Amino acid sequence: MARARKGSDESTDVGKRQMSDLMSASDDSEAISFEESLEELESLVEKLERGQLTLDESLGLFERGMKLARICNQKLSKAERKIEILIEENGNLKTETFIEE
């Protein structure tokens, strides 16, 4: 019975960690450029592909890589939205105010 409770506590801890990680990922996205994120992500992939890490090290790098991939995706989406704001009117390009979400 205590064993089942422990498993439940562990999944709650994992959920809390994931929420914390999501929040810190959004903080990271402002502090790091797209290029820096991509460069670090490429470095992590190289390390993981070598296969000379422990399981815990691999999981840690994979987790960081997922955060970096999310940051890259957010920055690309933001750039895409800015580009989409350019609207062609009567053959002229017009810009509209971009409201960041």
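Computed from a predicted model, the values in this text were never measured in an experiment. For the numbers below, each heavy atom of this structure counts, side chains included, while hydrogens, waters and symmetry mates do not.
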Would you please name every residue forming a side-chain contact (heavy atoms from CB on, under 4.5 Å) with F62, sequence neighbours left out? M66
To the nearest 0.5 angstrom, please state how far the CD atom of E39 sits from the CG atom of L68. 11.0 Å
Could you pull out the closest heavy-atom pair between I71 and S37, with the gap in Å? CG2-OG, 3.4 Å
Where the side chain of K78 meets the backbone of N73, is there a donor-acceptor pair that is under 3.5 Å apart? no
Enter the distance from I83:CD1 to R81:CZ here, rounded to the nearest 0.5 Å. 11.5 Å
Only distances under 3.5 Å count here; give the side-chain donor-acceptor pairs of residues 52-61 to other protein atoms, sequence neighbours excluded, each with its distance to 0.1 Å.
from: T54; atom 1: OG1; to: E57; atom 2: N; distance (Å): 3.1
from: T54; atom 1: OG1; to: E57; atom 2: OE1; distance (Å): 3.3
from: E57; atom 1: OE1; to: T54; atom 2: N; distance (Å): 2.8
from: S58; atom 1: OG; to: T54; atom 2: O; distance (Å): 3.0

Can you give each donor-acceptor pair under 3.5 Å made by side-chain atoms of residues 40-50, sequence neighbours left out, with the distance rounded to 0.1 Å?
from: E40; atom 1: OE1; to: R64; atom 2: NH2; distance (Å): 3.2
from: E40; atom 1: OE2; to: R64; atom 2: NE; distance (Å): 3.0

